[in-house]
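Here is the structure we will look at.
In this chain, residues are counted from 1 in sequence order. Bear in mind that the values here come from a model prediction, so they are computed numbers and not experimental data.
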Amino acid sequence: QVQVVESGGDLVQPGGSLRLSCVVSGSIFSINGMGWYRQAPGKERELVAMFSSGGTTNYADSMKGRFTISRDNAKNTVHLQMTSLKPEDTAVYYCNANVLQGPQRVFSYWGQGTQVTVSS
């Protein structure tokens, strides 16, 4: 059993900042990759930022320079620091983790999401 829990979503004004956190717990040998996605009403889920299995970061073009992803491997935690928020950033933000639970046993897990609303 693996649990993915996000936190930090809130209502903020345009230009504001938020810090999201995601903690993965349960039966884990290691986490091969971890990142953030978001989904706005009526739109498809899209990548925000992620760490690959090799530790390389990847950002959506519209997020570069505004969002920063970081991680604490010892705590199985990843953060997303968001600045200069825009109304179009309004969405449910989901954490995703690719978890190694044994040899040749890698599974993808999703959190339930945390709501980010950017509005004046």
- Task: Give a yes or no answer on whether the side chain of Glu6 reaches the backbone of Cys95 with a donor-acceptor pair at less than 3.5 Å.
- Result: yes
- Ignoring hydrogens and angles, tell me if any N or O in the side chain of Thr56 forms a donor-acceptor pair with the backbone of Gly54 under 3.5 Å. no
Mind checking whether [X] and [Y] sit in one hydrophobic cluster, side chains of I, L, V, M, F, W, Y counted as touching below 4.5 Å?
| X | Y | result |
| --- | --- | --- |
| Met50 | Met82 | no |
| Tyr93 | Leu11 | no |
| Tyr94 | Leu85 | no |
| Val99 | Ile69 | yes |
| Trp36 | Val2 | yes |

- salt bridge (Lys or Arg N to Asp or Glu O under 4.0 Å) partners of Lys43, counting only residues at least two apart: none
- Sequence neighbours excluded, which residues qualify as salt bridge (Lys or Arg N to Asp or Glu O under 4.0 Å) partners of Arg66? Asp89
Would you mind writing out the side-chain donor-acceptor pairs for residues 103-120 within the sub-3.5 Å range, not counting sequence neighbours?
| residue | atom | partner | partner atom | Å |
| --- | --- | --- | --- | --- |
| Ser108 | OG | Asn96 | ND2 | 2.8 |
| Ser108 | OG | Asn98 | OD1 | 3.4 |
| Tyr109 | OH | Gln101 | OE1 | 2.8 |
| Tyr109 | OH | Gln101 | NE2 | 3.2 |
| Thr114 | OG1 | Gly9 | N | 3.0 |
| Gln115 | NE2 | Ala91 | O | 3.4 |
| Gln115 | NE2 | Thr117 | OG1 | 3.3 |

- Task: Could you walk me through whether Met63 and Asp61 pass side chain to side chain contact (heavy atoms under 4.5 Å, CB included), step by step?
- Result: CA-CA 5 Å; Met63 320 299 174; Asp61 289 341; over 6 Å; no
- Query: Which ILVMFWY residues can you reach from Val5 by hopping between side chains whose heavy atoms are under 4.5 Å apart?
  - Reply: none
- Separation between CZ (Phe51) and OG (Ser70), nearest 0.5 Å, reads 6.5 Å
- Task: Scan residues 54-94 for pairs that pass disulfide bond (SG atoms under 2.5 Å apart), counting only residues two or more places apart or in two chains.
- Result: none
- Message: Do Ile31 and Asn76 make a side-chain contact, defined as non-hydrogen atoms from C-beta onward lying under 4.5 Å apart?
- Response: yes
- Task: State, yes or no, whether a side-chain contact exists between Glu46 and Arg38 at a heavy-atom distance under 4.5 Å.
- Result: yes
- Message: Test side chain to side chain contact (heavy atoms under 4.5 Å, CB included) on Leu80 and Thr68; report intermediate values, then the result.
- Response: CA-CA 6 Å; Leu80 183 69; Thr68 302; over 6 Å; no
- With sequence neighbours left out, write down each residue that passes side chain to side chain contact (heavy atoms under 4.5 Å, CB included) with Ser25, or none if nothing qualifies. Gln3
Tabulate below the donor-acceptor pairs under 3.5 Å that side-chain atoms of residues 14-23 make, not counting sequence neighbours, or state none.
| residue | atom | partner | partner atom | Å |
| --- | --- | --- | --- | --- |
| Ser21 | OG | His79 | ND1 | 2.9 |

- Indicate the atoms forming the closest heavy-atom contact of Arg71 with Ser52, along with that distance. NH1-O, 4.3 Å
- Message: Any donor-acceptor pair under 3.5 Å linking the side-chain atoms of Tyr37 with those of Arg45?
- Response: no
- Task: Take atom CD of Glu44 as the centre, draw a 6.0 Å sphere, and report whether it contains more than 12 heavy atoms from other residues, nucleotides or ligands.
- Result: no
